[in-house]
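This report concerns only the one structure given below.
Hydrogens, waters and symmetry mates play no part in the numbers below; they use all other heavy atoms, side chains included.
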Amino acid sequence: MIAFVSGPVAALAPTLAVIEVGGVGMAVHCTPGTLAGLRAGETARLATSLVVREDSLTLYGFADDDERQVFELLQTASGVGPKLAQAMLAAHSPDALRVAVSVGDEKALMAVSGIGKKGAQKLLLDLKDKLGAPLGSSGTVGAQRAAAAGPAAWSEQLSAALIGLGYASRDAEEAVSAVTPQAEAAMAAGGSAPVPQLLRAALQSLNRAR
């Protein structure tokens with residue numbers, strides 16, 4: 001197992017980073033939040049999880065070991081593969097997912113693309129007692145506050161991700177403004193802002209502006 005990779009960031013893309021390790025470029029699939037913390041040319045260290053399939057070897061990267069552990073625990077639930085697990089971590093922090101499972105918050109899970117009401121209910125049952133208690137808060141009230149705070153920073157996450165991809169701050173702000181109606185519509189429907197989809201939409205708006 002490749003537990004982590006460390007080296008200069010050779011390139012950044014909307015869904016992955018290329019880390020140079022011993023002269024080899026390792027393509028590491030990351031969430032927008034993790035990518036936002038990376039800068040091309042700077043040294044980075046990512047916790048990783050290698051997913052082996054008959055026809056592929058895919059490396060997933062995370063900001064820390066806790067995020068990687070949750071990524072792997074999520075896949076113990078029936079029907080959850082690496083892509084869905086990563087989508088869940090793109091929408092919610094590890095602690096927010098722990099809170100959602102501990103309080104049975106279906107809406108939090110339904111905010112993830114690809115998860116409907118029945119899927120959310122099944123996941124709550126499958127993941128019960130697997131993720132553990134939130135690490136960054138104590139008690140139900142603190143946990144609920146952490147869950148509420150997580151999705152609220154979608155615009156900051158999105159802006160940081162765009163800047164990390166090489167866009168100027170002004171361009172990033174304009175792109176965030178362009179997708180704000182989409183984010184507000186998702187939140188008005190009772191979900192949270194879907195950062196991965198918003199990032200794709202923001203990149204499309206930037207490409208059209210060129």
Which heavy atom of Leu124 sits nearest to which heavy atom of Ala100, and what is that distance? CD2-O, 3.7 Å

Using a 3.5 Å distance criterion without hydrogens, assess whether the side chain of Gln75 forms a donor-acceptor pair with backbone atoms of Phe71. yes

Which atom pairs, one a donor and one an acceptor, fall under 3.5 Å between side chains of residues 19-31 and the rest of the protein, sequence neighbours left out?
{"residue": "Thr31", "atom": "OG1", "partner": "Thr34", "partner atom": "N", "Å": "3.3"}
{"residue": "Thr31", "atom": "OG1", "partner": "Thr34", "partner atom": "OG1", "Å": "3.2"}

Using modelled atom types and a 3.5 Å cut-off, is there a donor and acceptor pairing between side-chain atoms of Ser177 and backbone atoms of Glu173? yes

What's the separation between atom OG in Ser155 and atom CG in Leu198, rounded to the nearest 0.5 Å? 10.0 Å

Can Asp95 and Leu97 be said to form a side-chain contact (heavy atoms from CB on, under 4.5 Å), step by step? CA-CA 5 Å; Asp95 263 4; Leu97 285 173; over 6 Å; no

So, using side chain to side chain donor-acceptor pair (under 3.5 Å) as the criterion, who are the partners of Lys117 when residues are at least two apart? Glu106

How far apart are the C-alpha atoms of Thr48 and Phe62, what are their side-chain angles, what is the distance that settles it, and do they pass the side-chain contact (heavy atoms from CB on, under 4.5 Å) test? CA-CA 6 Å; Thr48 55; Phe62 310 93; 5.7 Å; no

What pairs meet the side-chain hydrogen bond (donor to acceptor under 3.5 Å, both in side chains) rule with one or both residues in residues 52-61, with sequence neighbours excluded? none

Give a yes or no on whether the backbone of Leu89 and the side-chain of Ser93 come within a donor-acceptor separation of less than 3.5 Å. no

More than 12 heavy atoms of other residues, nucleotides or ligands under 6.0 Å from NZ of Lys128: yes or no? no

Please round to the nearest 0.5 Å and tell me the distance separating atom CG of Leu127 and atom CZ of Arg98. 11.5 Å

Of the non-hydrogen atoms in Leu35 and Pro14, which two are nearest, and what is the gap between them? CD1-O, 3.2 Å

Single-linkage hydrophobic cluster Leu50~Phe4, side-chain heavy atoms < 4.5 angstrom: no

Nearest non-hydrogen partners of Pro94 and Asp66, listed with the distance: CB-OD2, 3.5 Å

From CG (Leu73) to CG (Asp126), nearest 0.5 Å: 13.0 Å

Testing the basics here: between Ala85 and Leu74, what is the closest heavy-atom pair and its distance to 0.1 Å? O-CD1, 3.8 Å

Side-chain heavy atoms of Ile115 within contact of Leu123, under 4.5 Å: yes

Can you name the residues that form a side-chain contact (heavy atoms from CB on, under 4.5 Å) with Ser169, not counting sequence neighbours? Ile163

Strictly by ring pair (Phe, Tyr, Trp, His ring centres under 6.0 Å), give each pair with a member in residues 98-131 just once, sequence neighbours left out. none

From CZ (Arg45) to CG (Leu38), nearest 0.5 Å: 13.5 Å

Treating Glu67 as the side-chain partner and Ala63 as the backbone partner, does any N or O pair qualify as donor plus acceptor under 3.5 Å? yes

Side-chain heavy atoms nearer than 4.5 Å, only ILVMFWY residues, links allowed to pass through others: does that put Val9 and Ile2 together? yes

Measure the shortest side-chain to side-chain distance between Val99 and His92 over non-hydrogen atoms and say whether it is less than 4.5 angstrom. no

Of all pairs that satisfy salt bridge (Lys or Arg N to Asp or Glu O under 4.0 Å), the ones with a partner from residues 68-77, not counting sequence neighbours: Asp65-Arg68

Closest non-hydrogen atoms of Val179 and Ala202, given as atom of the first, atom of the second and distance, are CG1-N, 3.6 Å

State the NZ-CG distance between Lys122 and Leu109, to the nearest 0.5 angstrom. 13.0 Å

